[in-house]
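Excluded from the calculations below are hydrogen atoms, water molecules and symmetry mates; all remaining heavy atoms, backbone and side chain alike, are included.
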Amino acid sequence: MDESWAAYIDEEGFASHWDETMEGFRGINAQMDAICRIGMKVYPNEVERLFCYQFGDAFLVTSDFHEPDLSRAVLIVIAILRNILSSDRLARATLVEGNIADIAGCYPKEIRDLSDRTRVALGAGLLMTTPILGQGLLRAVGLSKRKPKGPLFLVDSALKDRLQDDINTNDLEDGTVAVNWLLGEPKGLREIQEKAGLKRESQGARVARVAKYLTQRTLKNEWKQNVFSYLLP
């Protein structure tokens with residue numbers, strides 16, 4: 001069965017910004033803004049449309065169909081990661097294949113019988129549901145939990161041969177590939193960024209932002225080392 005792609009993007013260090021009121025939402029807002037702009041301005045038609053779901057400080061972005069060439073998916077994720085970086089935040093991303101399903105029909109009868117299964121009254125309280133599940137979400141989250149840690153973009157190694165040649169990757173030992181989302185300008189990325197109206201910065205400016213992030217926060221040595229190993233080699 002041909003499966004669509006699923007990308008999971010999770011802000012790094014969000015908990016450390018929670019007490020900063022609205023400043024704490026800079027990364028999430030930059031990610032949501034990029035997703036909305038790309039979906040509305042770059043791929044608004046039914047043929048190329050995207051579906052997105054929020055899970056706390058993370059988002060799942062999926063395609064509506066199987067794509068033999070996964071370059072579009074990678075370029076979309078890179079555009080989102082760079083937009084997050086423009087707000088002086090970093091995120092971690094994964095890309096897998098796996099379909100997503102609406103599971104509301106599997107809920108208990110009390111929920112299924114409601115006209116709105118996402119907002120369930122609990123007397124004076126409220127239950128909010130996210131009726132989305134499937135191999136795409138499970139695989140993407142599972143990949144995100146693997147090492148190496150840090151603001152990396154990990155891709156299932158089985159998908160590597162379906163990426164365009166100018167996307168810079170590093171093979172890892174556990175069946176994954178790390179895409180260098182920070183360096184380089186792969187073909188097609190600028191078009192997405194310009195159509196979406198996203199901020200574009202020079203490579204030097206992006207590197208400077210990452211360096212600033214590293215110096216202003218208390219981070220584990222392993223985390224820092226992975227940045228230099230896979231983003232700033």
Side-chain angles (χ1 to χ4, degrees), residues 4-12 26-52 58-97 140 150-156 159-170 177-214 227-228 230-233:
S4 57
W5 57 262
Y8 185 76
I9 308 168
D10 186 7
E11 183 182 347
E12 292 278 274
R26 284 166 60 182
I28 288 181
N29 288 349
Q31 181 172 182
M32 188 179 294
D33 185 50
I35 291 170
C36 289
R37 287 171 176 265
I38 292 171
M40 294 175 182
K41 298 183 177 183
V42 186
Y43 304 112
N45 60 69
E46 291 188 4
V47 176
E48 299 177 309
R49 63 184 178 178
L50 303 174
F51 290 89
C52 180
F59 292 79
L60 183 75
V61 182
T62 73
S63 175
D64 191 30
F65 58 95
H66 174 73
E67 299 183 42
D69 185 348
L70 292 172
S71 300
R72 180 176 84 118
V74 170
L75 296 178
I76 288 171
V77 174
I78 291 176
I80 295 170
L81 290 173
R82 290 188 181 182
N83 203 63
I84 296 170
L85 177 62
S86 72
S87 69
D88 290 319
R89 297 289 190 266
L90 292 174
R92 180 178 177 84
T94 58
L95 178 68
V96 301
E97 279 191 316
L152 307 180
F153 179 10
L154 303 181
V155 178
D156 185 336
L159 310 180
K160 179 183 177 181
D161 292 339
R162 293 160 58 189
L163 307 181
Q164 63 193 43
D165 293 338
D166 63 347
I167 292 175
N168 186 10
T169 62
N170 290 295
V177 169
V179 172
N180 192 321
W181 60 268
L182 182 66
L183 305 183
E185 295 293 335
K187 183 180 179 181
L189 176 61
R190 180 169 183 167
E191 180 180 2
I192 292 175
Q193 292 172 313
E194 290 183 344
K195 282 186 176 181
L198 301 180
K199 186 175 181 180
R200 296 186 66 255
E201 295 183 314
S202 67
Q203 179 169 293
R206 295 194 301 270
V207 170
R209 284 188 185 275
V210 172
K212 177 183 176 182
Y213 189 98
L214 294 177
V227 171
F228 287 104
Y230 302 108
L231 294 180
L232 297 169

Phe153 side chain reached by Val74 side chain, heavy atoms, under 4.5 Å: yes
Minimum side-chain heavy-atom gap Lys199-Ser86 below 4.5 Å: yes
Nearest heavy-atom neighbours spanning Met40 and Pro44: O-CB, 3.3 Å
Shortest non-hydrogen separation from Lys187 to Asp166 and the atoms involved: N-OD2, 2.7 Å
Side-chain (Asn180) to main-chain (Tyr230) donor-acceptor, under 3.5 angstrom: yes
Test item: Ile28 and Phe59 side chains (from C-beta on) under 4.5 Å apart, heavy atoms: yes
Stepwise side-chain contact (heavy atoms from CB on, under 4.5 Å) test for Arg209 and Glu201: CA-CA 10 Å; Arg209 284 188 185 275; Glu201 295 183 314; 2.8 Å; yes
Side-chain heavy-atom pair Val61, Trp5 within 4.5 angstrom cut-off: yes
Arg82 side-chain N/O to Trp181 backbone N/O, donor-acceptor pair under 3.5 Å: yes
Asp165 CG: over 12 foreign heavy atoms closer than 6.0 Å: no
Lys/Arg-Asp/Glu bridge criterion (N-O < 4.0 Å) met for Arg206, Glu185: yes
Close side-chain approach of Leu85 and Leu182, heavy atoms under 4.5 Å: yes
Side chain proximity check, Thr94 to Val155, heavy atoms < 4.5 angstrom: no
Any Cys52 side-chain heavy atom under 4.5 Å of Leu60 side chain: no
Salt bridge present between Glu97 and Arg162 (N-O < 4.0 angstrom): yes
Residue pair Ser4 / Phe65: nearest heavy atoms and the distance that separates them: CB-O, 3.4 Å
Arg72 to Tyr43 six-membered ring, cation-pi geometry met (6.0 Å, 45°): yes
Contacts of Ala34 that satisfy side-chain contact (heavy atoms from CB on, under 4.5 Å) - sequence neighbours left out: Ile80, Asn83, Leu198
Flag side-chain contact, heavy atom, 4.5 Å: Pro186 against Leu75: yes
side-chain contact (heavy atoms from CB on, under 4.5 Å) between Leu90 and Ile84, intermediate numbers included: CA-CA 6 Å; Leu90 292 174; Ile84 296 170; 5.9 Å; no
Nearest-0.5 Å distance that lies between atom CD1 in Ile9 and atom CD1 in Ile76: 9.5 Å
